Amino acid sequence: MTERYYITTAINYPNGRPHMGHAYEAIATDFIARFRRLEGREVFFLTGTDEHGLKIAQAARAAGQSPREYVSEMVHHFKEMDEVLNISYDRFIRTTEPDHYACVQDLWTRMEASGDIYLGKYEGWYSVRDEAYYDEKELIAGDDGEKLSPEGTPVEWTVEESYFFRLSAYQEKLLALYEAQPDFIQPAHRLNEMKSFVSGGLRDLSISRTSFDWGVPVPGTTDHVMYVWLDALSNYLSGVGYPDESYRDWWPCDVHVIGKDVVRFHSVYWPAFLMSAGIELPKAVFGHGFVLWDGKKMSKSSGNVVEPLGLAARYGTDQLRYFLLREVPFGHDGAYSEDAIVTRANADLANDLGNLAQRCLSMIAKNCEGRVPEPSTPTPADKALDMALSDILSEMQDHMGRLQIHSALETLWRQVGETNAYFAGREPWALKKTDPEAMGSVLYRTADAVRQLAILAQPAVPEGAAKLLDLLAVPENERSFDALGNKLRPGTELPAPKGVFPRLERQTEETAS
RNA sequence: GGCGGAGUAGCUCAGUCGGUUAGAGCAGUGGAAUCAUAAUCCAUGUGUCGGGGGUUCGAAUCCCUCCUCCGCUACCA
């Protein structure tokens, strides 16, 4: 039976348009999903939007729309982003979908049945105008020293009826989980943070609100809606059909790919909810870092220049994907700039891989009647090339076992370099005059190396890799990792070669004076 | 404040259960080649391994201390 693999991004909060952070998470998760598929696994890749909550309600009101109208419009931008970036999701879930409501309400009922939900009081500094609670330390002092919200609106100490989840009962169980399954939270330094957080003691969690109504109704009540995380997190279950038993086809999830800012919710609240409901826990949560524009956190004022779709349009989807995956160590923060994208894409995609394919294929076109030439008895250099190539997949898989995407790509591109060195060392253009048969053999082996490199590069640069495989006349059903050993067949007619990864120019924003 | 992490070549970083001349990529410099997207290949680093002290035959790697930066420290998501 085919091994199954279930992977998710966090669902995005559409109170604004997608930004680079959304793009980065989608791209990284897509890489993993594609990689697993090519390994022969059956993959379910879930992404989507988290559409409830106060901020959405407020943003909708500001736009003069109902929340439902507002999110239906915003979600379009997120789907468009996924489309442009070639995100191969299997389902795009929206928390406003009816089956999601059924899922969360079922989850709630189970948690309630295990005695972990009780009615209590939530109190804090509440601003009627903002409809929001603020923490004591967020407040600012007014002219007369009175307390004001960060928005400058008056606040008053307010007590509201709220259902609570008995999170405090899960401290030991969570610590035991981290102990027994240290891979549950990755990368490792996040595990340490969570251990220390949980060790410090857990308070019960308010999980309903009566102060607004844009949310999933709490079963058996008329005035409570579920509060944020219980609603949002359970998308991972509703996305695969829960509460229908068929959810077990995919659950437990193999990995939730999330931002480092929401590690706590995924590695503390979420497992506690699931334990309470008697549902299996996901196998792992991976908190990736942030991508920073020129080393700074992106600000709204930097504007559309840094929007992911703008970058993709200017430099190419593959180029943007490759840059982010290769340049940012997965799990750490990284910096991006147009300069860096151009440099990296040119060096690795245009110069190394693209040009390797082009120099080899154009020689085949000109000197071998456009047909795959014949390999002759391998020379030591040929054997060394074969050996090196045959090791790449398992090396990449080692890295991917720890989700070290950048290391996997580093491994692959080291081999692209080796292949260029092989080609230059064998000098087929010189052999053309002295030993045409040897030339054909070098071209064959290089072309087959490109075939293997392209197969392995598919998760990062799906479009370009597909074009390379087209140029090599590799059938669609021979493009997964188990086809790496299916050598090119001599005599196969090849299409006319053309460049796959164009060399990029940096697009200068403006010229002074 | 508490807990944790980091400071290594111009840039981004790898390397630390102590051990021959501290590595890679990019950038730079020199050379080769001309099949190719002026791409490629080869060669090339006088680095206080944050400062100081200590342990040791020997420390980037262990200990102490100081400096700097960063993360976590719950109900916005």
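Residue numbers begin at 1 in each chain, while the letters A, B, ... track the order of the sequences. Keep in mind that this is a model prediction, so the values were computed, not measured.
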Any side-chain heavy-atom pair from Glu25(A) and Val257(A) closer than 4.5 angstrom?
yes

Base, sugar-phosphate, or nothing for Arg414(A), non-hydrogen atoms under 4.0 angstrom?
nothing

With C1' as the reference atom in both, quote the distance from A22(B) to A60(B) in angstrom, rounded to an integer.
8 Å

So which nucleotide does C13(B) pair with, by the Watson-Crick or G-U wobble rule with both distances under 3.5 Å?
G23(B)

Among C41(B), U37(B), C75(B), the one nearest any side-chain atom of Tyr122(A) is C75(B)

Euclidean distance, atom CG of residue Leu349(A) to atom C1' of U40(B) [Å, nearest integer]
16 Å

Would you mind classifying the nucleic acid contact of Ile207(A) as base, sugar-phosphate or nothing, using non-hydrogen atoms under 4.0 angstrom?
nothing

Ring centers of Phe501(A), Tyr322(A) separated by less than 6.0 Å:
no

Pair assignment for C62(B), Watson-Crick or G-U wobble, requiring both distances under 3.5 Å:
G54(B)

What's the gap between G51(B) and U8(B) when it is taken at their C1' atoms, as a whole Å value?
15 Å

Does Arg94(A) come within less than 4.0 Å of Asp50(A), counting only side-chain N to carboxylate O?
no

Residue-phosphate contact under 4.0 Å: Lys366(A) side-chain N/O, A36(B) OP1/OP2:
yes

Scanning all shown strands, the Watson-Crick or wobble mate of G18(B) with both distances under 3.5 Å is none

Partner residues of Tyr163(A) under the ring pair (Phe, Tyr, Trp, His ring centres under 6.0 Å) criterion, sequence neighbours left out:
Trp108(A), His224(A)

Salt-bridge present (Arg314(A), Glu338(A); N to O < 4.0 Å):
yes

If U44(B) has a Watson-Crick or G-U wobble mate with both distances under 3.5 Å, name it; if not, just say none.
G28(B)

With respect to the side chain of Arg190(A), which nucleotide from A74(B), G71(B), U40(B) is positioned closest?
G71(B)

Could you check which of C42(B), C35(B), A74(B) has an atom nearest any side-chain atom of Leu202(A)?
A74(B)

Return the nucleotide paired to C49(B): Watson-Crick means purine N1 to pyrimidine N3 with N6-O4 or O6-N4, wobble means G-U with N1-O2 and O6-N3, both under 3.5 Å.
none

Presence of Arg503(A) side-chain N/O under 4.0 Å of A38(B) phosphate oxygens OP1/OP2
no

Who does G4(B) pair with, Watson-Crick or G-U, both distances under 3.5 Å?
C70(B)

Considering only atom C1', compute the distance from G47(B) to A9(B) and round it to an integer number of Å.
5 Å

Please identify which of these residues, His189(A), Arg190(A), Glu193(A), meets the side-chain contact (heavy atoms from CB on, under 4.5 Å) condition with Lys260(A).
Arg190(A)

Of all the nucleotides listed (G71(B), C75(B), G25(B)), which has the minimum atom distance to the side chain of Tyr227(A)?
C75(B)

For a quick check of understanding: with a heavy-atom distance under 4.0 Å over all strands, which category does Gly287(A) fall into, base, sugar-phosphate or nothing?
nothing

Run the salt-bridge test on Lys433(A) and Glu427(A) with the 4.0 Å N-O cut-off and return the result as yes or no.
no

Counting only side-chain nitrogens and oxygens, does Asn351(A) get under 4.0 Å of the OP1 or OP2 atom of U37(B)?
no

Using a 4.0 Å heavy-atom cut-off, does Gly354(A) contact any base of the nucleic acid, only the sugar-phosphate backbone, or nothing at all?
base

Taking salt bridge (charged side-chain N to carboxylate O under 4.0 Å, His left out) as the definition, give me every residue that meets it alongside Asp386(A), ordered by chain and number, with sequence neighbours left out.
Lys487(A)

Check the distance between G5(B)'s P and Gln186(A)'s CD and give it to me in whole angstrom.
19 Å

Sugar-phosphate only, base, or nothing, as touched by Ser362(A) at under 4.0 Å among non-hydrogen atoms:
sugar-phosphate

Value in whole Å for how far the P atom of C75(B) lies from OH of Tyr163(A):
23 Å

Can you check the Leu205(A) CG to C76(B) P distance for me, whole Å?
10 Å

Are Phe286(A) and His256(A), when compared by the centres of their aromatic rings, separated by less than 6.0 Å?
no

With rounding to the closest Å, how many angstrom separate the C1' atoms on C13(B) and A36(B)?
31 Å

A38(B) pairs with, by Watson-Crick or G-U criteria that keep both distances under 3.5 Å
none

Within the 4.0 Å heavy-atom criterion, would you say Asn192(A) contacts the bases, only the backbone, or no part of the nucleic acid?
nothing

Categorize Phe197(A) for me: base, sugar-phosphate, or nothing, with a 4.0 angstrom heavy-atom threshold over every strand shown.
base

Whole-Å P distance, U73(B) and U48(B)
37 Å

Please work out if Leu167(A) contacts a base, only the sugar-phosphate, or nothing of the nucleic acid, heavy-atom cut-off 4.0 Å.
base

Nearest nucleotide by nearest heavy atom, which residue falls closer to the 5' end of RNA chain B, Phe265(A) or Val500(A)?
Val500(A)

Describe the nucleic acid contact of Ala350(A) in one word from base, sugar-phosphate, nothing, applying a heavy-atom distance below 4.0 Å.
base

Please name the nucleotide paired to C75(B) by Watson-Crick or G-U wobble geometry with both distances under 3.5 Å, or report none.
none

Atom C1', compared across C49(B) and U21(B): separation rounded to whole Å:
16 Å

Nearest-Å distance for atom pair CZ/P, residues Arg203(A) and C75(B)
7 Å

Between CG of Asp352(A) and C1' of A36(B) the distance, given in whole Å, is 13 Å

How close or far is atom P of U73(B) from atom CD of Glu193(A), stated in whole angstroms?
8 Å

When you measure from the side-chain N and O atoms of Arg209(A) to the phosphate of C75(B), is any distance below 4.0 Å, counting only OP1 and OP2?
no

If you only use heavy atoms from C-beta on, which nucleotide in C41(B), C3(B), C35(B) is closest to the side chain of Arg359(A)?
C35(B)

Between P on C70(B) and CZ on Phe290(A), what's the gap in Å once rounded to a whole number?
15 Å

Any base atoms under 4.0 Å from Asp50(A), or only sugar-phosphate, or nothing? Heavy atoms, all strands.
sugar-phosphate

Provide the distance between the two P atoms, one in G54(B) and one in A59(B), to the nearest whole Å.
12 Å

Considering only atom C1', compute the distance from C70(B) to A33(B) and round it to an integer number of Å.
48 Å

Considering only side-chain heavy atoms of Trp429(A), which listed nucleotide, U40(B), C75(B), U34(B), is closest?
U34(B)

